[in-house]
Amino acid sequence: MGVSSTVATTTVVRTGVERATLVRRSYSLLFAGILVTMASVAFARTQPALVSLVSAHPFLTFLGVIAPLYAALSVGRSFPANIGLFGLFTVAEGIWLTPFLLMYERMQPGVLTQAGALTLGTFGTLTAYAFYSKRDFSAWGSFFGVGLFVLLGTMLLNAFFGSGRADLWIAAVGLLVFSGLTVYRTWTIRNLFGPEDYVPATISLYLSLLNMFLFMLQLLSGGRRR
């Protein structure tokens with residue numbers, strides 16, 4: 001699940017202290033969110049009835065993931081509501097993902113660990129590149145934002161036609177799109193966000209990382225979803 005980022009027309013360069021504060025808060029919250037999602041998946045795996053419920057009603061349970069995400073973005077800087085809603089979102093995300101992750105693990109044991117390691121390595125490399133590069137990545141937001149909408153449309157069409165080869169290409173393009181968005185969103189944290197905007201900054205990074213993982217998982221599985 002991904003969201004496009006809004007492109008700012010003016011770059012607001014933050015002071016070193018503000019930037020360091022935002023980076024510390026955002027990445028600490030991101031790390032915590034990843035751990036919470038992993039714990040949520042681990043819990044859901046022990047609850048067959050819950051997994052069956054999510055599998056039987058994926059759309060309805062997906063709404064249960066979107067609701068706290070939207071609420072977390074809506075409350076903005078309102079602490080501690082923003083933190084609590086983000087935490088609720090990461091719990092719901094883990095539960096919703098569990099049936100998909102179990103399916104991939106049954107098809108190819110060990111693929112979750114491989115996908116996780118490769119995703120973290122890629123994410124870390126892209127983040128470091130965006131932070132230390134002197135380039136202006138503002139144009140990447142609109143470019144990869146359009147790419148995201150095209151990707152979503154293609155995925156919707158392929159859901160009806162069900163081409164395995166298309167699944168593989170979609171996974172490759174999806175990984176590319178969210179890699180580009182990771183660079184852009186890291187750049188916005190460095191240049192546009194203020195120190196109190198750590199929740200929306202974290203959410204943007206979390207969604208990029210999550211989607212990179214899911215597309216990496218699909219690539220390693222040869223595009224198979226069944």
Side-chain angles (χ1 to χ4, degrees), residues 1-13 22 26 30 33 58-59 62-63 65-67 69-70 72-74 76 86 89 93 96-97 100 115 118-194 197-220 223 225:
M1 53 180 294
V3 293
S4 58
S5 300
T6 302
V7 180
T9 56
T10 303
T11 300
V12 181
V13 179
L22 176 60
S26 299
L30 175 64
F59 180 73
F62 181 69
L63 294 179
V65 177
I66 292 296
L69 171 62
Y70 178 79
L73 290 172
S74 298
F86 174 71
F89 161 65
E93 185 70 55
W96 186 74
L97 285 175
F100 301 99
L118 287 173
T119 301
L120 288 177
T122 303
F123 182 83
T125 300
L126 293 172
T127 299
Y129 171 65
F131 263 113
Y132 293 106
S133 174
K134 303 297 183 180
R135 293 184 57 184
D136 181 351
F137 295 105
S138 57
W140 285 38
S142 57
F143 179 78
F144 286 104
V146 171
L148 177 59
F149 282 108
V150 173
L151 175 67
L152 292 175
T154 305
M155 290 173 65
L156 183 61
L157 289 174
N158 194 52
F160 291 99
F161 296 103
S163 169
R165 181 174 297 180
D167 284 340
L168 194 58
W169 280 104
I170 287 172
V173 173
L175 185 58
L176 176 63
V177 167
F178 280 99
S179 293
L181 287 175
T182 295
V183 172
Y184 169 71
R185 289 166 175 172
T186 304
W187 178 85
T188 61
I189 290 174
R190 179 185 176 189
N191 296 285
L192 303 180
F193 283 93
D197 298 321
Y198 53 92
V199 170
T202 301
I203 289 174
S204 69
L205 291 174
Y206 179 94
L207 292 175
S208 289
L209 180 61
L210 175 64
N211 282 282
M212 286 176 64
F213 169 72
L214 293 177
F215 284 121
M216 184 73 76
L217 187 60
Q218 194 170 342
L219 273 177
L220 293 177
R225 295 180 297 174

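The figures that follow rest on heavy atoms only: side chains count, while hydrogens, waters and symmetry mates do not. Keep in mind the model is a prediction, meaning the values are calculated, not measured.
Looking at heavy atoms from C-beta onward, T182 lies out of side-chain contact with L209 at the 4.5 angstrom threshold. Contact annotation: the side chain of D136 approaches that of W187 to within less than 4.5 Å [non-hydrogen atoms, C-beta and beyond]. Contact of the Y129 side chain with the R135 side chain is registered, since non-hydrogen atoms from C-beta on lie closer than 4.5 Å. For the pair L214/F178, no side-chain contact is recorded, criterion being any heavy-atom separation below 4.5 Å from C-beta on. The side-chain heavy atoms of F123 and L30, taken from C-beta on, include a pair separated by under 4.5 Å. Between L205 and T127, every side-chain heavy-atom pair lies at or beyond the 4.5 Å cut-off. Between I189 and L22 the shortest side-chain heavy-atom distance falls below 4.5 Å.
Considering every non-hydrogen atom in both L219 and A171, the closest pair reads CG-CB, 3.8 Å. S179 and T122 make their closest contact through OG-CG2, 4.4 Å (heavy atoms, listed as atom of the first residue, atom of the second, distance). Of all heavy-atom pairs between A201 and S204, the closest is O-OG, 2.7 Å.
Aromatic ring centroids of F144 and F137 lie 6.0 Å or more apart.
Rounding to the nearest 0.5 angstrom, the gap separating the OH atom in Y198 from the CD1 atom in I203 is 11.5 Å. Here I66 contributes atom CD1 and F89 contributes atom CZ; the two are 7.0 Å apart, rounded to the nearest 0.5 Å. A distance of 6.5 Å separates CZ in F213 from OG1 in T119, rounded to the nearest 0.5 Å. A distance of 7.5 Å separates CD of Q218 from CD1 of I170, quoted to the nearest 0.5 Å. Note: F62 CZ to L97 CG = 10.0 Å, rounded to the nearest 0.5 Å. Atom CG of L217 is separated from atom CG of N211 by 12.0 Å, given to the nearest 0.5 angstrom.
Under the 3.5 Å distance criterion, the side-chain polar atoms of T202 are matched with a main-chain donor or acceptor of S26. Side-chain atoms of W140 do not come within 3.5 Å of backbone N or O of L181 as any donor-acceptor pair.
Atom CZ of F131 has more than 12 heavy atoms from other residues, nucleotides or ligands within 6.0 Å.
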Quiz item: Can you check side-chain contact (heavy atoms from CB on, under 4.5 Å) on L69 and Y206, steps first, answer last?
Solution: CA-CA 11 Å; L69 171 62; Y206 179 94; over 6 Å; no

